[in-house]
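These notes concern the structure reproduced below.
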Amino acid sequence: EAQVTQNPRYLITVTGKKLTVTCSQNMNHEYMSWYRQDPGLGLRQIYYSMNVEVTDKGDVPEGYKVSRKEKRNFPLILESPSPNQTSLYFCASSLSHPSSGNTIYFGEGSWLTVV
Amino acid sequence: QKEVEQDPGPLSVPEGAIVSLNCTYSNSAFQYFMWYRQYSRKGPELLMYTYSSGNKEDGRFTAQVDKSSKYISLFIRDSQPSDSATYLCATHGSSNTGKLIFGQGTTLQVKP
């Protein structure tokens with residue numbers, strides 16, 4: 001079954017404690033991306049990756065890092081989380097660059113609360 | 001001005017009603033348009049994908065794009081309680097990031 005898997009699904013953490021949200025896809029997709037979803041602001045892109053070792057900033061990258069060492073994995077790293085990073089996070093992937101008409105698949109989401 | 005505008009609702013209809021969900025967009029260069037459905041505490045799931053103007057039908061769902069007025073619509077016929085969800089319109093941005101630009105989403109409740 002085609003899947004984008006995120007972990008953890010739910011997390012409450014404290015300000016400043018580094019955390020990583022993992023994302024893995026089993027579809028051999030080249031393109032992967034992270035979004036955050038906030039009330040009134042909708043879904044906004046944080047980072048994206050065109051392929052292994054190729055990553056770049058989206059619209060709201062501040063406070064986040066990513067890496068793409070393997071094609072299937074695209075972890076989101078919060079080095080020093082702050083309360084304004086409390087949000088619902090989605091990992092997404094597509095076969096190649098989405099503007100080519102490729103379907104984008106989303107994970108189930110990770111609810112992160114920073115206190 | 002937001003690039004994609006969508007009335008957040010909520011919208012409540014009786015079972016069997018025809019539902020019309022709408023979005024407007026600002027950039028005439030946008031060509032690909034999507035509708036995603038998002039159930040509570042779940043990720044967005046692609047419902048419909050259209051390119052340029054025209055209609056596309058899939059079962060009870062019809063997506064419509066009017067590029068002259070920069071207006072996109074999703075129609076749901078014979079709505080069911082299982083259609084209760086948030087519906088997000090989206091389009092590809094004109095940048096090379098591959099990002100989707102989403103509307104805020106419209107929350108739909110179909111009452112039995």
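All of these numbers come straight from a predicted model, not from anything done at the bench. Proteins get letters first, then strands, A, B, ... in listed order; numbering begins at 1 in each.
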Top residue by heavy-atom pair count (under 4.5 Å) with chain B, among A:Gly40, A:Gly58, A:Pro39?
A:Gly40

What part of B:Gln38 lies closer than 4.5 angstrom to a heavy atom of chain A: side chain, backbone, both or neither?
side chain

Toward chain B, the part of A:Tyr105 with a non-hydrogen atom under 4.5 Å:
neither

Using 30° and 60° as the class boundaries, would you call the ring planes of B:Tyr32 and B:His92 parallel, tilted or perpendicular?
perpendicular

Using a strict cut-off of less than 4.0 Å between a Lys/Arg side-chain nitrogen and an Asp/Glu carboxylate oxygen, indicate whether B:Asp58 and B:Lys56 qualify as a salt bridge.
no

Cut-off 4.5 Å, heavy atoms of chain A, and the answer for B:Tyr36 is side chain

Whatever's closer than 4.5 Å to a heavy atom in chain A on B:Leu100 counts as both

Are the side chain of A:Gln6 and the backbone N or O of A:Cys91 linked by a donor-acceptor pair below 3.5 Å?
yes

Return the option, out of A:Arg44, A:Gln37, A:Arg9, A:Lys57, with the maximum number of heavy-atom pairs under 4.5 Å with chain B.
A:Gln37

Taking the basic N atoms (NZ, or NE/NH1/NH2) and the acidic carboxylate oxygens, is any pair closer than 4.0 Å for A:Lys17 and A:Glu79?
no

Applying a strict 4.5 Å limit to non-hydrogen atoms, the region of A:Tyr47 in contact with chain B is neither

Do B:Cys23 and B:Trp35 have side chains that get closer than 4.5 Å, going by heavy atoms?
yes

Test A:Tyr89 against every option in A:Trp111, A:Tyr64, A:Tyr35 by the side chain to side chain donor-acceptor pair (under 3.5 Å) rule and name the one that passes.
A:Tyr64

